[in-house]
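Input: a single structure, listed below in structure tokens.
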Amino acid sequence: MTKILADVHCHTIASDHAYSTVLEMAKAAAEAGLEAIAITDHAPELGDGPHWWHFDNLKIIPHEIYGVKILRGIEMNILNSRGEVDRIPRSTMSRLDIVIASIHSPCYGSEGLEDHTSSYMGALQNPFVDIIGHSGTAAYPYDHMTVAKKAKELGKLIEINQHSFVGRASSIPNCKKIAEACKAAGTGIVVNSDAHITFDLGDYSDALALLKSIDFPEELIINRSYRTLKEFLRQRKIIGE
């Protein structure tokens, strides 16, 4: 299985339960041989997320630090069965390189497989959303194939999240089913660390082992290099060099 050279789900101290700065993450990424990282701190509806001004001001972060490409991003919160997310000005969202939409229990109120499926389908329809994040959470089952097909249709990605194997072990069977659905539908995925500290950055060992076990096509892993990620993003938005 290929190496993953662009880790596009990373948190800094802007999210209160993360413990490293942008500079520390960039340095660790360089030491790990990564080509790119995305800084994707939590949006405001989650209690530890910064004010939307934080995301508006990400433009001051250099596009490259220690030789590592730095993408400016956000992890949005899916709020309900309509797939609505945090209210952040369109002008701010339009400047971000990477937008992940995830369910986080403190700010999500819908119940049942149909509602959860509807939540992800609605989030995929959001023009700013690029990636559905850590959707293997056992508490929120959904129709994996329906969502995978919609992501494929809209040119969006599904995440296989390394942190799920460590912090959400009940997600592992679902992660396999999600990966199998993406393989069957030809849906692109990203494999991310969801690192909240430098020591976890670039670690995808369990996620990659799962993908290898189902013979997942490497060409569908969009963040396997910065080049393949940039090609994907350029179909959706303009990103900095």
Side-chain angles (χ1 to χ4, degrees), residues 1-10 25-26 29 32-41 55 58-59 61 63-64 67-76 78 83 85 90 92-102 120-121 123-136 144-145 147-162 175 178-195 201-202 204 207-208 210-211 216-241:
M1 182 58 65
T2 187
K3 292 185 66 176
I4 306 297
L5 298 178
D7 195 343
V8 295
H9 188 165
C10 306
M25 294 296 272
L34 298 181
E35 296 175 343
I37 60 172
I39 303 301
T40 54
D41 283 303
F55 303 98
L58 287 174
K59 59 184 179 288
I61 296 177
H63 286 295
E64 186 171 312
V68 176
K69 302 293 184 182
I70 308 296
L71 302 177
R72 296 89 173 264
I74 189 170
E75 185 179 12
M76 305 287 281
I78 300 174
V85 295
R90 292 178 66 88
T92 298
M93 296 299 297
S94 66
R95 289 196 296 269
L96 297 177
D97 302 316
I98 293 281
V99 176
I100 302 171
S102 307
Y120 287 125
M121 295 290 276
L124 285 169
Q125 297 282 355
N126 185 310
F128 295 112
V129 170
D130 304 303
I131 299 166
I132 294 297
H134 57 66
S135 63
H144 303 135
M145 184 56 73
V147 172
K149 287 181 176 179
K150 178 58 69 172
K152 168 70 172 177
E153 174 190 331
L154 297 175
K156 309 291 181 83
L157 306 175
I158 306 292
E159 178 186 63
I160 302 299
N161 183 297
Q162 170 65 24
C175 289
I178 292 164
E180 289 172 336
C182 289
K183 177 183 176 180
T187 305
I189 69 168
V190 284
V191 181
N192 292 321
S193 69
D194 195 359
L201 191 65
Y204 333 95
L208 289 177
L210 181 149
L211 294 176
F216 192 88
E218 292 188 3
E219 63 269 19
L220 291 180
I221 305 175
I222 304 303
N223 64 325
R224 62 188 185 274
S225 71
Y226 180 61
R227 178 186 60 80
T228 54
L229 177 67
K230 184 166 63 173
E231 288 173 358
F232 163 78
L233 291 174
R234 279 190 168 157
Q235 297 176 30
R236 298 184 41 72
K237 60 190 80 181
I238 298 172
I239 65 170
E241 295 295 336

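Because only heavy atoms are used, hydrogens play no part in the values below, and waters and symmetry mates are left out as well, while side chains stay in.
- The side-chain heavy atoms of Lys69 and His63, taken from C-beta on, include no pair separated by under 4.5 Å.
- Using a 4.5 Å cut-off on side-chain heavy atoms (C-beta onward), Val190 and His9 make no contact.
- A donor-acceptor pair is defined here as one N or O able to donate and one able to accept, closer than 3.5 Å; no such pair exists between the side chain of Lys156 and the backbone of Ile132.
- If you take CG on Leu124 and NZ on Lys150, they are separated by 8.5 Å, rounding to the nearest 0.5 Å.
- Across all non-hydrogen atoms, the minimal contact from Leu211 to Ala179 is CD2-CB, 3.8 Å.
- In this structure, CZ in Arg72 is found 6.5 Å from CG in Asp97, a value given to the nearest 0.5 Å.
- In this structure, Asp7 CG and Leu71 CG are separated by 11.0 Å, a value rounded to the nearest 0.5 Å.
- Contact of the Leu233 side chain with the Ile98 side chain is registered, since non-hydrogen atoms from C-beta on lie closer than 4.5 Å.
- A donor-acceptor distance shorter than 3.5 angstrom exists from the side chain of Asn126 to the backbone of Phe128, with no hydrogens or angles considered.
- In this structure the side chain of Asp41 reaches within 4.5 angstrom of the side chain of Phe55, judged on heavy atoms.
- For the atom pair CD of Glu35 and CD of Glu64, the computed distance is 11.0 Å after rounding to the nearest 0.5 Å.
- Using a 4.0 Å cut-off between a side-chain N of Lys or Arg and a carboxylate O of Asp or Glu, Lys149 and Glu153 do not qualify as a salt bridge.
- When side chains are defined from C-beta on, Ile189 does not count as touching Thr187, because their heavy atoms never get closer than 4.5 Å.
- Distance check, rounded to the nearest 0.5 Å: CD1 of Ile221 to CG of Leu229 gives 13.0 Å.
- Shown here for Ala207 and Gln162, the closest heavy-atom pair between the two residues is N-OE1, 3.0 Å.
- Taking both residues in full, the closest heavy atoms of Gly73 and Leu58 are given as O-CD1, 3.5 Å, listed atom of the first, atom of the second, then distance.
- Between Ile160 and Ile178 the shortest side-chain heavy-atom distance falls below 4.5 Å.
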Take His134 and Glu75, measure what side-chain contact (heavy atoms from CB on, under 4.5 Å) needs, and give me the verdict at the end.
CA-CA 11 Å; His134 57 66; Glu75 185 179 12; 3.1 Å; yes
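- How far OH of Tyr120 is from CD1 of Ile78: 5.5 Å, rounded to the nearest 0.5 Å.
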Passes side-chain contact (heavy atoms from CB on, under 4.5 Å), Val8 versus Thr40? Steps please.
CA-CA 7 Å; Val8 295; Thr40 54; 5.9 Å; no
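- The two residues Ile158 and Ala151 have their closest heavy-atom pair at CD1-CB, 4.0 Å.
- With contacts defined as side-chain heavy-atom distances shorter than 4.5 Å, the pair Cys182/Leu220 does not qualify.
- Ala184 and Met145 make their closest contact through CB-CE, 3.7 Å (heavy atoms, listed as atom of the first residue, atom of the second, distance).
- Taking the side chain as every heavy atom from C-beta outward, Ile131 and Val99 never approach each other to under 4.5 Å.
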Assess the residue pair Gln125 and Met121 against the criterion (side-chain contact (heavy atoms from CB on, under 4.5 Å)); give the C-alpha distance rounded to whole Å, side-chain angles, the decisive distance to 0.1 Å, and a yes or no.
CA-CA 7 Å; Gln125 297 282 355; Met121 295 290 276; 5.8 Å; no
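- Nearest heavy atoms, Tyr226 versus Ala36: CD1-CB, 3.6 Å.
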